[in-house]
Amino acid sequence: MIKKVLTWLGIAFLIFFIAFNPNSAADVFASLGGTIADIARGFGQFFTNLVA
């Protein structure tokens, strides 16, 4: 029950954040996307060096 409530509160906060601060929300998501891409590149480089 509490997990369901916290999930819905998180979704509501996300919608509120995007609706009232779209520029900041875009910056946050761009930063997260860049971080995920950097991590993926790091794993790719690791496995390339491991196999080579």
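We use all heavy atoms of the structure for the numbers below, so side chains are in, but hydrogens, waters and symmetry mates are not.
- Screening Leu9, Thr7, Leu14 for a side-chain contact (heavy atoms from CB on, under 4.5 Å) involving Ile11 leaves a single residue, Thr7.
- When all heavy atoms are compared, the tightest approach of Pro22 to Ala19 is CD-O, 4.0 Å.
- Under a hydrophobic-cluster definition in which Ile, Leu, Val, Met, Phe, Trp and Tyr are linked whenever side-chain heavy atoms come within less than 4.5 Å, directly or via other members, Phe13 and Val5 are assigned to different clusters.
- Membership of the apolar cluster around Leu50 extends to Ile39, Phe43, Phe46, Phe47, as traced through chained side-chain contacts below 4.5 Å between ILVMFWY residues.
- Phe20 is linked by a ring pair (Phe, Tyr, Trp, His ring centres under 6.0 Å) to Phe16, counting only residues two or more places apart in sequence or in another chain.
- Sorted by first then second residue, the side chain to side chain donor-acceptor pair (under 3.5 Å) pairs that include residues 17-32, not counting sequence neighbours, number zero.
- Considering OG1 of Thr48 and CD of Gln45, their distance stands at 5.5 Å, rounded to 0.5 Å.
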